[in-house]
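To start, the structure under review is shown below, and the notes come after it.
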Amino acid sequence: MFKRILPLLLLLCFFTESNAQTKGIHFVKGSLKAAFELAKKQNKPVFVEIYAIGCPHCENFKKTFDNNQVVGDYFDKRFVSYQVEVNSEEGRAFRKKHNIYVLSTPMMSFWDKDENLLHIQVSGDEQNNEASLKDMADRAIDPAKQFASWKNYFAQGVHDDNFLIEYGYTCRMICDTLQNIAAMNVYAQKQKASNFNSPSNFVVIQKVIMDDDNLIFKNMMENLDSFYAKYGKKEVITAAENVIMFSLYSGRAKDFSVAKLEEMKNNLKKMGVPEQAVGARFLLAETKAYFKEGNAEKATDLIDRFYKGVKVIDKKDAQFIEKYVRENTRDEKSINKLNWIFKNGK
């Protein structure tokens, strides 16, 4: 009896698993490389969901992706699909390769078979339905709607507020600082000064702006107390620090003058960021600016003063500092001032 039942149970399990797999999206198992290789064979674009373990929104989308027949059929017909965990080794490598800054998860990204970005967007529970997901898929493969075309639209003068915000936000996701700045400068110039502190523009500061020279951001820094009262001190400081750090770590920061860096430092200090923490963040950029201006003495003074406040100097840090200083100056007087640091690297 048992021998007859066992094959039936195995067969039932097989059909149950097969049916479950056909309900939703068929995600490629294995690797991103395998997904793009399959896309080339099938001549299809690729849908990559970037998710995070423990993210409740991701869990809700998983239910839809695994069990919704309509969504599954729609995506399977149009894409090769893959899921990558944001903090996995593969996820980190993928984000680094394409300069993806994950603002939140899940992040839905769409690529052509050669791994060129077509469209990308952050999604929440409000997009977790058949209509929104089908619309997302349609936008990704429509040259008139996909993000890949937005740069041309912006250059051609499409400057309505909603487009500028969405374009700037998406540029922030892919770390395109220059296009984000251009879009947000146009946006700020369109706003009335009396509207700079509106709730919607505070969200723009929090979520979109990457440049501390943006007029809307500068207005906030000039009116911190009123922003604290309206939006909460913690929220304002977090938003301001993010924008300043985006500016500091951007590629264009290499051209910042000493005066510009001092302005940025003062903005952090007036929000209560400790001076030692400010010094640590700006040490490299500020010394580079002094070296560039031919003021090796001031640059090495900064390094000397900062590291005298550090209890222990790591060997690798000391080696890096010596290499960095010697690459930027031949002024022996300035170099010798830091010998006490260099000896820690020997």
Side-chain angles (χ1 to χ4, degrees), residues 99-104 120-122 147 150-273 278 281-282 285-286 289:
N99 293 319
I100 299 171
Y101 176 64
V102 179
L103 296 164
S104 64
I120 189 166
Q121 67 182 78
V122 168
F147 172 72
W150 293 2
K151 186 174 182 178
N152 288 334
Y153 291 153
F154 175 67
Q156 292 164 10
V158 178
H159 291 165
D160 62 273
D161 286 356
N162 288 337
F163 171 77
L164 291 171
I165 290 171
E166 189 171 9
Y167 182 48
Y169 182 73
T170 309
C171 286
R172 179 166 166 171
M173 279 193 275
I174 61 168
C175 300
D176 190 340
T177 308
L178 295 180
Q179 281 297 297
N180 171 279
I181 291 172
M184 288 298 95
N185 280 345
V186 172
Y187 175 80
Q189 289 161 11
K190 290 182 63 190
Q191 306 301 301
K192 294 180 179 178
S194 59
N195 197 42
F196 279 177
N197 66 347
S198 69
S200 60
N201 278 330
F202 182 61
V203 173
V204 167
I205 294 171
Q206 290 178 300
K207 303 291 186 182
V208 187
I209 290 174
M210 300 176 72
D211 176 26
D212 68 322
D213 281 329
N214 184 278
L215 294 176
I216 295 173
F217 180 79
K218 290 178 80 71
N219 171 75
M220 184 177 79
M221 296 310 302
E222 292 165 2
N223 297 279
L224 279 175
D225 287 341
S226 65
F227 272 80
Y228 289 161
K230 192 169 185 178
Y231 300 111
K233 188 171 183 177
K234 182 179 179 181
E235 288 75 12
V236 171
I237 290 175
T238 298
E241 280 193 83
N242 286 340
V243 174
I244 293 170
M245 291 300 101
F246 267 123
S247 294
L248 181 62
Y249 296 134
S250 67
R252 70 192 191 285
K254 67 182 185 300
D255 297 320
F256 286 172
S257 65
V258 171
K260 167 62 180 171
L261 292 169
E262 191 65 27
E263 174 195 329
M264 296 167 75
K265 288 169 61 179
N266 288 336
N267 278 336
L268 289 174
K269 290 176 185 177
K270 73 180 182 180
M271 292 187 297
V273 179
V278 174
R281 297 182 197 184
F282 281 79
E286 201 169 7

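Qualifying side-chain hydrogen bond (donor to acceptor under 3.5 Å, both in side chains) partners for D212, counting only residues two or more places apart in sequence or in other chains: S247, K260. Take E235 and apply the salt bridge (Lys or Arg N to Asp or Glu O under 4.0 Å) test, not counting sequence neighbours, and it matches no residue. Judged as a side-chain hydrogen bond (donor to acceptor under 3.5 Å, both in side chains), and not counting sequence neighbours, the contacts of S250 are R252. For N162, there are no side-chain hydrogen bond (donor to acceptor under 3.5 Å, both in side chains) partners two or more places apart in sequence or in a different chain. Judged as a side-chain contact (heavy atoms from CB on, under 4.5 Å), and not counting sequence neighbours, the contacts of I165 are Y187, V204, V208. Scored by the ring-ring contact (aromatic ring centres under 6.0 Å, His included) test, Y231 finds F202, F227 as partners (sequence neighbours excluded). Residues passing the side-chain hydrogen bond (donor to acceptor under 3.5 Å, both in side chains) test with N99: none are found, sequence neighbours excluded. Partners of F246 under the ring-ring contact (aromatic ring centres under 6.0 Å, His included) rule, at least two apart in sequence or in another chain, are Y101.
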> Stepwise, does the side chain to side chain contact (heavy atoms under 4.5 Å, CB included) test hold for L224 with I237?
Replying inline: CA-CA 9 Å; L224 279 175; I237 290 175; over 6 Å; no
> Can you list the steps and then say if V278 with M264 is a side chain to side chain contact (heavy atoms under 4.5 Å, CB included)?
Replying inline: CA-CA 10 Å; V278 174; M264 296 167 75; over 6 Å; no
> Are M173 and I100 close enough, and set up right, to give a side chain to side chain contact (heavy atoms under 4.5 Å, CB included), and what steps lead you there?
Replying inline: CA-CA 6 Å; M173 279 193 275; I100 299 171; 5.7 Å; no
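Put simply, the side chain of L268 reaches to within 4.5 Å of the side chain of M245, judged on heavy atoms. By the 4.5 Å heavy-atom criterion applied to side chains, D161 and Q191 are counted as neighbours. Counting heavy atoms from C-beta outward, N266 and K269 have side chains that approach closer than 4.5 Å. Side-chain atoms of T177 and Y249, non-hydrogen and from C-beta on, never get closer than 4.5 Å to each other. Between V158 and Y167, the closest side-chain pair of non-hydrogen atoms is not below 4.5 Å.
Note: I174 CD1 to Q179 CD = 9.0 Å, rounded to the nearest 0.5 Å. How far CZ of F217 is from CG of N267: 6.0 Å, rounded to the nearest 0.5 Å. With rounding to the nearest 0.5 angstrom, the NZ atom of K218 is 11.5 Å from the CZ atom of F196. Annotation: the span from I244 atom CD1 to K265 atom NZ amounts to 12.5 Å, rounded to 0.5 Å.
Taking each heavy atom of Q206 and R172 in turn, the nearest pair found is O-NH1, 3.3 Å. Across Y228 and K233, no two heavy atoms sit closer than the pair CD2-CA, 3.6 Å. L164 approaches M184 most closely through the heavy-atom pair O-CE, 3.2 Å. Between L103 and V122, the closest heavy-atom pair is CB-CG2, 4.5 Å.
A salt bridge (Lys or Arg N to Asp or Glu O under 4.0 Å) check over residues 238-248, counting only residues at least two apart or in different chains, returns the pairs E241-R281. For residues 219-232, there are no salt bridge (Lys or Arg N to Asp or Glu O under 4.0 Å) pairs, not counting sequence neighbours. For residues 197-207, the set of pairs meeting the salt bridge (Lys or Arg N to Asp or Glu O under 4.0 Å) definition, not counting sequence neighbours, is empty. Residue pairs meeting the salt bridge (Lys or Arg N to Asp or Glu O under 4.0 Å) criterion with at least one member in residues 193-204: none, sequence neighbours excluded.
Between Y153 and F163, the ring planes are perpendicular. Angles over 60° get that label, and only those under 30° would be called parallel.
Each of N201, N214, L215, N185 was checked for a side chain to side chain contact (heavy atoms under 4.5 Å, CB included) with I209, and the lone residue meeting it is N214.
Dense packing is recorded around NZ of K270, with more than 12 heavy atoms of other residues, nucleotides or ligands lying under 6.0 Å away.
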